[in-house]
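Proteins come first, then strands; the chains are lettered A, B, ... in the order of their sequence lines, and each starts at number 1. Predicted model, so just to flag it, every value in this text is computed and none were measured.
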There are 4 protein chains.
Amino acid sequence: MVISIHLDSDTPLYEQLRNQIVIGIATGELAAEEKLPTVRQLAEDLGINTMTVNKAYSILKQEGYIVIDRRHGAKVSPRSTQTQDGSNHTAQLEEQLQLIIAQATIKGIDQSRFQALCSTIFAQMKYQH
Amino acid sequence: MVISIHLDSDTPLYEQLRNQIVIGIATGELAAEEKLPTVRQLAEDLGINTMTVNKAYSILKQEGYIVIDRRHGAKVSPRSTQTQDGSNHTAQLEEQLQLIIAQATIKGIDQSRFQALCSTIFAQMKYQH
Amino acid sequence: MVISIHLDSDTPLYEQLRNQIVIGIATGELAAEEKLPTVRQLAEDLGINTMTVNKAYSILKQEGYIVIDRRHGAKVSPRSTQTQDGSNHTAQLEEQLQLIIAQATIKGIDQSRFQALCSTIFAQMKYQH
Amino acid sequence: MVISIHLDSDTPLYEQLRNQIVIGIATGELAAEEKLPTVRQLAEDLGINTMTVNKAYSILKQEGYIVIDRRHGAKVSPRSTQTQDGSNHTAQLEEQLQLIIAQATIKGIDQSRFQALCSTIFAQMKYQH
DNA sequence: GTGGTCTAGACCACG
DNA sequence: GTGGTCTAGACCACT
């Protein structure tokens, strides 16, 4: 899986990393149970510090997206364990969506175009529960 | 319009402010050409620093959501000027949506539920071009 | 509040820190809404690195024990917000207790002595909901 | 006795092993003087490295829970030798309890519920001195 | 060889 | 002046 980092972005490196891995899982680029690169390896590949990668992995672990097997490093969580979600998530999703839709509306993107865009993106998601 | 600030949120105060005003414009709570409170007034109402409000206004201006007249203060941009979409915006929107949809997918929210949620939110938007 | 760190302990420094602050909150040594020392200050007092203190604070924040106010630093969460607990916690508590009680039993501490010990400790807890 | 290992847990494998055996002894699942599986056997059953099991056994031996006879393998210590309490143990127990009770208090578990929980767990302990 | 922890010191965003 | 981020490099625990 290809991961690209923007050093000049306003989002922290570890968050960019976290986001791309989440997307990778959802699109199926990273299969369930698939092994992730080691902290050191990924850090070297991206030319960043190991602690930065470490932080990204810690967050992903804490969020339940990956598990750390002490013997073989990090891997994507098995499908069954991913769906444990509180109602918090929906509320948070709603809040994020409201802002995005507000901006889209003002910029002249109407609902049908927006929904079409969503469909396109959903079509990329190969994640199987 | 009611603006509420969470001092202990992860998102910076000025960004919370900016977001709520954008949403206010999109929902029609803030009409086109409507005058916004003065920087000093709003800062006092919310109990925060004037520089913070100032920063929010500057960003909104730079993004084209509001116009600032040195004599009359800030007001919401007229409808006509808002629609300057630009492919930048669409690309950025797509990126944000991709992340949100990825997370939703993994958490078990399927496309129909997601689209339904979007519809609900779109129904709140009263912004007229 | 007095915090003491054991550099030679097997529990990580940030966790020792986290534990002592949790106990401080429960015993009332740290009142609700009370301001915690700054990261730098505490690091200097204890002779450890700022990032270590930072990590402890991050965890406490993520666990809901403290909140970070961008203007004035970290403070103990208000009483009302602390009690939001899932059933997870009880299960986890049960597991921890089982191990402790197993060890106590084998070492010859009977139930009455154990319960008495609990009572003594509970008497130190001044935390008010 | 059934031992289950979580490869993705935060607690080291050898410690999980050690804990479960201690609990097994306290609940009576493992009788005094009962023979434990050989290191090799247990490692194979659990699909882990023999060194890991070895480490767990070493710790249990050093803590006095089991005795290791080079000819006959490991077995649970006879009842009489277990009760060597020592004030160390009580102090350590007190420290562990303090943290647990602090967390429980903040999470809104009151003393009566806590004590009830302890009673339930004590009822499972069949260890006879 | 893996991730986890810690350090010393730097720079940035926020208010 | 606050916490947040990042680095380079070191050592440790676990398997």
*Can you tell me which residue pairs pass the salt bridge (charged side-chain N to carboxylate O under 4.0 Å, His left out) test with a partner in residues 21-34 of chain A, sequence neighbours excluded?*
A:Glu33-A:Lys75
Could you list the donor-acceptor pairs under 3.5 angstrom formed by side chains in residues 44-56 of chain D, with sequence neighbours left out?
unit_1, atom_1, unit_2, atom_2, d
D:Asp45, OD1, D:Gln41, NE2, 3.0
D:Asn49, OD1, D:Met51, N, 2.9

*Pairs touching residues 14-26 of chain A that satisfy salt bridge (charged side-chain N to carboxylate O under 4.0 Å, His left out), sequence neighbours left out*: A:Arg18-A:Glu63
*Tell me which of C:Thr38 and A:Ile48 sits closer to the 5' end of DNA chain F, going by the nucleotide each one is nearest to.*
C:Thr38
Would you give me the side-chain donor-acceptor pairs under 3.5 Å for residues 6-14 of chain C, sequence neighbours excluded?
unit_1, atom_1, unit_2, atom_2, d
C:Ser9, OG, C:Thr11, N, 3.0
C:Ser9, OG, C:Thr11, OG1, 2.8

*Convert the base pairs of DNA chain E into dot-bracket notation, remembering that pairs crossing earlier ones are written with [ ] and that bases paired across to another strand are shown as |; include only Watson-Crick or G-U pairs under 3.5 Å.*
||||||||||||||.
*Give, ordered by number, those residues of residues 50-64 of chain C having at least one heavy-atom distance below 4.0 Å to an atom of DNA chain E; if nothing qualifies, reply none.*
C:Met51, C:Thr52, C:Lys55
_For atom CG of C:Leu13 and atom C1' of F:dC12, their distance in whole Å_ = 13 Å
*Contacts of D:Arg40 that satisfy salt bridge (charged side-chain N to carboxylate O under 4.0 Å, His left out) - sequence neighbours left out*: none
*Sequence-distant partners of C:Glu94, side chain to side chain contact (heavy atoms under 4.5 Å, CB included), two or more places apart*: D:Leu117, D:Ile121
_Holding to side chain to side chain contact (heavy atoms under 4.5 Å, CB included), I want the full list of residues that pass it with A:Ala104, two or more places apart in sequence or in another chain._
A:Ile109, A:Phe114, B:Leu93
*Start at the 5' end of DNA chain F and walk down; is the nucleotide closest to A:Arg70 or to A:Leu7 reached first?*
A:Leu7
*Sequence neighbours excluded, which residues qualify as side chain to side chain contact (heavy atoms under 4.5 Å, CB included) partners of C:Ala26?*
C:Met125, D:Ala102, D:Ile106
*Residues which pass side chain to side chain contact (heavy atoms under 4.5 Å, CB included) with C:Ile68, listed by chain and number, not counting sequence neighbours*: C:Lys61, C:Ile66, C:Ala74
*asked:* Going 5' to 3' along DNA chain E, which are the first and last nucleotides with any atom under 4.0 Å from a heavy atom of chain A?
replied: E:dT2 to E:dT7
